[in-house]
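Numbers here are sequence positions counted from 1. Just so it is clear, the model here is predicted, and its values are computed rather than measured.
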Amino acid sequence: MPSNQDSGSKRTIAMVAHDKMKPVLLEWAMENQDLLRNFRIVATGTTGRVLSENLKGVDIECFKSGPLGGDLQIGAMISTGDLEALFFLVDPMTPQPHDVDVKALIRISTLYETPVACNRTTADFVLRGITDPAYVRRPAHPMIEAYVQRSV
């Protein structure tokens, strides 16, 4: 899926973390802040605030809190091709009241071939991948276009 961003602007990535994972995401982001400076970062409410307070020189825009619509704002960016990757550190041990929103975000990422990292190891791979000059993002699968063009 081609991005709607100008070729001269920074590519956009999203960062989200469940409450218990916010310190883990912050630690990972601090370890990788030199690479992250090459991106515009959008983040859900508290996650964005935590990152903004601790990462100097990194372009971060805070959306609403995930349960209040921030997950949906990120999902909209994915569906329009405006997001390069999603870094969503999930707490696998704590039930989330907005689990349906989380599943929808993972689903839309899968649908539009947006790389998703749900833990630090995968985040390392995704970040290295999208910063590799040879990286070219795959377009959405042709079944998406067929679905859009179907007769109803």
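- Between Asp59 and Ile41 the shortest side-chain heavy-atom distance does not fall below 4.5 Å.
- Contact annotation: the side chain of Thr44 approaches that of Asp71 to within less than 4.5 Å [non-hydrogen atoms, C-beta and beyond].
- Arg40 contributes atom CZ, which lies 9.0 Å from atom CG of Leu83 (distance to the nearest 0.5 angstrom).
- Both Phe39 and Met30 are part of a single hydrophobic cluster, where members link through side-chain heavy atoms under 4.5 Å apart.
- Atom CG of Asn38 and atom CD of Gln33 lie 12.0 Å apart (nearest 0.5 Å).
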### Query
side-chain contact (heavy atoms from CB on, under 4.5 Å) between Cys62 and Thr47: does it pass, once the steps are laid out?
CA-CA 8 Å; Cys62 297; Thr47 301; over 6 Å; no
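- With values rounded to the nearest 0.5 angstrom, Glu84 atom CD is found 8.5 Å from Thr114 atom OG1.
- Proximity of Met15 to Phe88: side-chain heavy atoms (C-beta onward) are nowhere separated by under 4.5 Å.
- Looking at Pro23 and Val50, their side chains never come closer than 4.5 Å, going by heavy atoms from C-beta outward.
- Leu25 and Leu55 end up in the same hydrophobic cluster when Ile, Leu, Val, Met, Phe, Trp and Tyr side chains are linked at under 4.5 Å.
- Nearest heavy atom pair, residue Ile144 against residue Ala140, reads CG1-CB, 3.9 Å.
- With rounding to the nearest 0.5 Å, the separation of CD in Gln73 from CE in Met77 is 9.5 Å.
- The local environment of CZ in Arg37 is crowded, with over 12 non-hydrogen atoms from other residues, nucleotides or ligands closer than 6.0 Å.
- Counting only distance, with no hydrogens or angles, the side chain of Ser79 and the backbone of Ala76 share a donor-acceptor pair below 3.5 Å.
- When each of Ile108, Val116, Val126 is checked for a side-chain contact (heavy atoms from CB on, under 4.5 Å) with Leu86, only Val116 meets the rule.
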### Pair Arg137-Glu113, salt bridge (Lys or Arg N to Asp or Glu O under 4.0 Å): steps then yes or no
CA-CA 8 Å; Arg137 183 155 162 215; Glu113 300 280 345; over 6 Å; no
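- Side-chain contact check for Phe87 versus Pro115: every heavy-atom pair is 4.5 Å or farther apart.
- The hydrophobic clustering, which links ILVMFWY residues whose side-chain heavy atoms are closer than 4.5 Å, places Phe63 and Val102 together.
- Ile130 and Ile78 end up in different hydrophobic clusters when Ile, Leu, Val, Met, Phe, Trp and Tyr side chains are linked at under 4.5 Å.
- Annotation: Tyr135, atom OH; neighbour count of heavy atoms from other residues, nucleotides and ligands within 6.0 Å is above 12.
- Cluster annotation: Leu72 and Tyr112 are assigned to distinct hydrophobic clusters (Ile/Leu/Val/Met/Phe/Trp/Tyr, side-chain heavy-atom contacts under 4.5 Å, transitive).
- Within the model, atoms CD1 of Ile74 and NZ of Lys64 stand 13.5 Å from one another, a figure rounded to the nearest 0.5 Å.
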### Query
So Lys22 and Thr46, side-chain contact (heavy atoms from CB on, under 4.5 Å) or not? Walk me through it.
CA-CA 9 Å; Lys22 286 177 186 6; Thr46 309; 3.6 Å; yes
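- Judged by distance alone, the side chains of Arg128 and Asn32 do bring a donor and an acceptor atom under 3.5 Å apart.
- No donor-acceptor pair under 3.5 Å is formed between the side chain of His18 and the backbone N or O of Lys20.
- A pairwise comparison of heavy atoms in Ile106 and Cys118 identifies CD1-SG, 4.1 Å as the closest pair.
- The backbone N or O of Leu127 lies less than 3.5 Å from a partner atom in the side chain of Thr131, making a donor-acceptor pair.
- Residues meeting the side chain to side chain donor-acceptor pair (under 3.5 Å) test with Asp124, sequence neighbours left out: Trp28.
- Partners of Thr122 by side chain to side chain donor-acceptor pair (under 3.5 Å), not counting sequence neighbours, listed by chain and number: Asn119.
- Within the model, atoms CD1 of Ile13 and CD1 of Ile60 stand 9.0 Å from one another, a figure rounded to the nearest 0.5 Å.
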